[in-house]
Structures are given as C-alpha cells and as structure tokens.
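Before any comments, here is the structure.
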Amino acid sequence: MKTNQTIDRRDFVKTAAMAGAVLSAAPSLLAAESGPGAFKGGKIRVGEIGCGSVSGSYLPNLTSQPFIEVVSVCDIIVDRAKKRAEKFKVPNVYPNIDEMLGGAPFDLLVNTTSMPSHYPVNKKALQAKRHVWSEKPMALTVKDAKELLDLAKKNGVHLWAAPTCVTSPQFKFMVETMDSGKIGKVTAGHGTYGHGGPGWSGWFYQKGGGSLYDLGVYNVTTFTGLLGPVKEVVGMTAVLNPTRKVEDQGEVKVEADENTMLIMHHGNGVLSHVQTGFVYFDGERLAGEGRQLYTIDVTGTKGTMHMQGWDWGPGGVDIAYEGNAVLEAFSKDPGKYNWVGGAKYVAESLLSGRPSLITPEHSIHVLEVMNACHESQRTGRRISLETTFKWPLFG
Ligand SMILES: NC(=O)c1ccc[n+]([C@@H]2O[C@H](COP(=O)([O-])OP(=O)(O)OC[C@H]3O[C@@H](n4cnc5c(N)ncnc54)[C@H](O)[C@@H]3O)[C@@H](O)[C@H]2O)c1
C-alpha cells in the first residue's frame, strides 16, 4: 500500500525518466523528489532492517528526530525486531525484507544487517524504489556496488553508505587547515583503528567480514576524503587466531582478516597508511583531562595535524606548524555530529534537497581500495585502481 504522495513523487520520476531527463543519484538531489512537499507530512518514513548490536544505537537517534518516523523494523531473527519495536515504539515488525517491502509504506530503508547481507537487501529495496542508507560496505564487490548505484539511478532513488566521518566538524577543520596552506604541501597520512574483535556475531570472522571492512573502512574513507582518490594500493592481511568464540555461533573458524596493513598512493607521491585489526589492545588513553589518543595523523612540509579520538567520533584536532611548532588543540566541539547520524543526515538531504557530502561514488571507491588490499595480499602485487569520485568534497 502506497500513499498518494508517494505515488505522485515516483510517478513524476518515472515520467521524467521517460522524457529523457537525467536522473543522478548524487551528489545533488532533484528538486521534484526532495524538499518538504515531496514526503508525506514533511517527514521521512524509515524502515530499519537488521536489529542486532548497532540498531541499539541507531534507533534512539532515528526515533528522536522530529522529521523522521520509524514505521517498521525487520530481522530474520524476528524476536530481535520485536524487542526493538517494543522498546522504541515502532508499530510494524517483519521477519524478512520481502514482507517489509510489501508492508507498511516507507521512504528510506536503513540497512544495519550483517555485511554479507547488505548487497541482496539493498538491491531489493532499490528495486522497490526505496531510498537506501546502508551500513558499510554497501556490497562486497565493486561490480555489485556499481549495479546498486545504476539501479538507484534507474529507479530515481538515492543510495548512500556509512561511514559518516566526512561530516564531522573535525574532518572539515582538517580540510580547511590543509587548504589554508598552514601545514605546507601535504605528503603523508597515517590512520589506526582496532580493538579485540566483536564477541557477539560469527559473521565478523567469516567470508565477507574482517577488520578492514568493519573498522579500517573509517580510516580509508577519511584519507580518501582528505587526500583524494587512490591510484595504487599495497597491502598485507593476516589471521592470527584459527578460531574464535562468539555468542551466536559458539566456536567459529576465522577466515577474514584480523590484522591488516594498507598503503595507498593518492597520486603525485602523496602516501597514506591504514592499520586495522581485531587483535588490538585499545584501552590506553592520553594523559590529561579529556584528551584522547591520536588515530589520524597528517603530515605536510610545514606542519602536522593529529585527530584526537576515532575518526568516527573525533574529540579535536591538534596542529603544529612552522613558526608555532608546539601542538595546540582545535575543533573540540562535536556540534550535531553523531557516528550513527548518517541516516538522519541523508533524511535531511532528502527533505531539503541539500547535496550530501557522503556519496555512493566515494563509498564504491573505498570498497575498491579495501578489495585491492585483499588482492595485494593474495597476489603479492601492487594493485592499480579504476574507480574515482568527486574530490575535493567541499566546494
Ligand atoms: N555493532 C557496532 O557497534 C557497529 C558500529 C558501526 C557499524 N556497524 C555495522 O553495522 C552492521 C551490523 O553490525 P552489528 O554489529 O549490528 O551486527 P549484528 O550481527 O549484531 O546484527 C546484524 C543483524 O542483522 C540481521 N540480519 C542479517 N541478515 C539479514 C537479512 N537478510 N534480513 C534481515 N535481517 C538480517 C541478523 O539477524 C542480526 O540481528 C555491520 O555492517 C557493521 O559493520 C556496527
């Protein structure tokens, strides 16, 4: 059952497509399918699929936005969906994507399923002409990800994938500092993100899981966002534990990377490096009140920048430069940024027509970088990349 307004909007898109209008999924939005008038009651109706760990952080964020109405939740383990529905007062519960798409109408699918389920679930939603916000990665292969984007364009809907780190004020501050020339010509970057590994679900350690897709993806997104598209990749990955014990499956064989080192060439000799793993101690903190570890470092010929805290939840940026070579902290305020705020961010884009800093082309490029790292490990070779995205992100 679809509302009249939904049908009107989709009919318009169909008619425009037949008339030869160019439907672009990103970065800018079509006026006819965005703006308050395009959605029922000026609200975005959301259906969230995947009611595991991260949904416990998404739902408080989504249900507290006045312009979002969470109409349904879904999980193949339907008890999980029922519990989330009860807690967050969501009226409809479904056991699979088909029943969800055929049930209470919604505009935006929020996909927080396990990583191997992203592509098939995203595809069905796009086929049903729903906008999609997907947890990362949107698919496991570049071919499948491109197919999703083509489908979104064909059906006049939008597709976005986590992470959200390019929307933080600290990311913007780093871009502005680079643009100001204060740190000279930027030459190199280093990022790190790891912990001891998730203990709740086995898929993290199986094919389609791994520390690079789950954690390293944030740093790869940050460095491609800061330094530009990658030309070549060299990487090594390792499995250290033959098996792991997890809550849902007991003992599982570890097939996906647990310990990964990735080097990216952004062109013109600019290099960055990401290390990520499920075999890391992460309990240490910097001395001093409120200070957090550096996880992103950017070096230039005349200065350096260090991001405090994880790039998905930064706590500030310390910089030192020629003439002022003592580190000083800037950009401490997170503003409205929230690491689970990506679906809210794109809902705002849909309502206002404002272009999104998060684009599917960037996400596909990040996926190609990560897959090139795995290919480099398999083949022992340096891998050249084919995809690219609009960069710089601002302006
Ligand atoms: N857990 C976190 O803190 C966290 C943080 C950031 C991002 N993420 C990302 O969020 C996604 C989910 O992670 P998680 O930790 O919540 O995983 P999880 O295993 O706890 O939950 C995934 C849920 O999806 C359900 N599911 C899987 N396939 C499905 C399908 N086809 N249809 C319906 N339901 C399906 C599973 O039953 C499970 O309940 C991943 O992409 C992960 O990288 C997780």
Side-chain angles (χ1 to χ4, degrees), residues 47-62 72-85 87 90 92-103 109-128 130 132-140 145 160-165 168 193-221 244 246-250 252 256-257 276 278 282 310-313 337-344 358 363 366-367 370:
E48 180 165 2
I49 184 164
C51 292
S53 164
V54 84
S55 70
S57 301
Y58 263 75
L59 281 164
N61 183 273
L62 288 169
S72 54
V73 284
C74 171
D75 199 296
I76 44 175
I77 303 174
V78 74
D79 271 356
R80 290 187 178 177
K82 281 183 185 157
K83 281 191 184 124
R84 293 292 191 226
K87 180 160 182 196
V90 181
N92 301 288
V93 174
Y94 299 103
N96 57 60
I97 181 70
D98 297 315
E99 289 185 46
M100 187 190 200
L101 290 169
L109 181 86
V110 173
N111 184 351
T112 50
T113 63
S114 45
M115 296 192 298
S117 290
H118 291 174
Y119 164 73
V121 165
N122 291 339
K123 185 171 171 177
K124 284 196 169 177
L126 294 169
Q127 279 168 337
R130 310 303 166 91
V132 170
W133 168 263
S134 175
E135 258 302 333
K136 37 58 179 182
M138 67 170 75
L140 298 179
W160 297 275
T164 55
C165 40
S168 79
Y193 183 24
H195 54 54
W200 54 94
S201 288
W203 63 262
F204 282 102
Y205 303 103
Q206 294 161 336
K207 198 172 172 319
S211 58
L212 182 56
Y213 282 171
D214 188 46
L215 306 183
V217 63
Y218 294 94
N219 289 179
V220 176
T221 303
R244 292 257 190 168
V246 286
E247 285 164 25
D248 68 334
Q249 297 181 37
V252 291
D257 62 297
T276 185
F278 286 153
D282 70 348
W310 309 120
D311 52 357
W312 52 263
Y337 175 81
N338 185 326
W339 68 278
V340 282
K344 174 205 162 210
I358 302 166
S363 305
V366 168
L367 176 63
M370 297 191 294

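In listed order, ligands and their atoms are each counted from 1. Nothing fancy with the numbering, it's 1 onward along the sequence. Because only heavy atoms are used, hydrogens play no part in the values below, and waters and symmetry mates are left out as well, while side chains stay in.
- Of the N or O atoms in Arg80, one or more lie within a sub-3.5 Å distance of an N or O in ligand 1.
- Scanning all protein heavy atoms for the shortest distance to atom 1 (N) of ligand 1 gives Ser53 OG, 2.9 Å.
- The contact set between ligand 1 and Val121, taken as ligand atoms under 4.0 Å from a residue heavy atom, comprises 31 (N).
- Nearest residue to atom 29 (C) of ligand 1 from Pro137, Pro163, Ser117, Ser201 is Ser117 (criterion: closest heavy atom).
- The protein heavy-atom contact nearest to atom 4 (C) of ligand 1 is Val54 CG2, 3.3 Å.
- Counting heavy atoms under 4.0 Å from ligand 1, residue Tyr58 does not touch it at all.
- Those atoms of ligand 1 that come under 4.0 Å of a heavy atom in Gly52, given as number and element, are 16 (O), 20 (O), 21 (O), 23 (C), 39 (O).
- Tyr119 and Ser134 share no side-chain donor-acceptor pair at under 3.5 Å.
- For ligand 1 and Ser114, the ligand atoms under 4.0 Å from any heavy atom of the residue are 22 (C), 24 (O), 27 (C), 28 (N).
- Of the listed options Trp312, Tyr218, Tyr94, Tyr218 places a heavy atom closest to atom 6 (C) of ligand 1.
- Put simply, the residue from Asp257, Leu140, Thr276 that forms a side chain to side chain contact (heavy atoms under 4.5 Å, CB included) with Tyr213 is Leu140.
- Counting heavy atoms from C-beta on, the side chains of Pro163 and Val217 come closer than 4.5 Å.
- Below 4.0 Å from some heavy atom of His118 lie the following atoms of ligand 1, by number and element: 41 (O).
- Set against the non-hydrogen atoms of Asp214, the atoms of ligand 1 under 4.0 Å away are 42 (C), 43 (O).
- Looking only at atom types and distance, the side chain of Ser72 has no donor-acceptor partner in the side chain of Glu48 under 3.5 Å away.
- At a heavy-atom cutoff of 4.0 Å, ligand 1 is contacted by the side chain of Ile49 but not by its backbone.
- Side-chain contact between Val252 and Gln206 is present, with at least one heavy-atom pair separated by less than 4.5 Å.
- The aromatic rings of Trp312 and Tyr218 sit tilted relative to each other, their planes meeting at an angle between 30° and 60°.
- Here the shortest heavy-atom distance to atom 13 (O) of ligand 1, taken over Trp203, Trp200, Trp339, belongs to Trp203.
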Criterion side-chain contact (heavy atoms from CB on, under 4.5 Å) on Arg244 and Phe204, from CA distance to verdict: CA-CA 10 Å; Arg244 292 257 190 168; Phe204 282 102; over 6 Å; no

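- Of the candidates Ile76, Thr113, Val78, the one placing a heavy atom closest to atom 11 (C) of ligand 1 is Thr113.
- Set against the non-hydrogen atoms of Ile77, the atoms of ligand 1 under 4.0 Å away are 37 (O).
- Of the charged side-chain nitrogens involved, none lies within less than 4.0 Å of a carboxylate oxygen, so that Asp75 and Lys82 do not count as a salt-bridged pair.
- The closest approach between Asn96 and ligand 1 stays at or above 4.0 Å for every heavy atom of the residue.
- Residues Asp214 and Lys136 are in side-chain contact: their nearest non-hydrogen atoms beyond the backbone lie under 4.5 Å apart.
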side-chain contact (heavy atoms from CB on, under 4.5 Å) between Lys123 and Leu126, worked out: CA-CA 5 Å; Lys123 185 171 171 177; Leu126 294 169; 5.9 Å; no

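- Among all non-hydrogen protein atoms, the one lying nearest atom 25 (C) of ligand 1 is Asp75 OD2, 3.3 Å.
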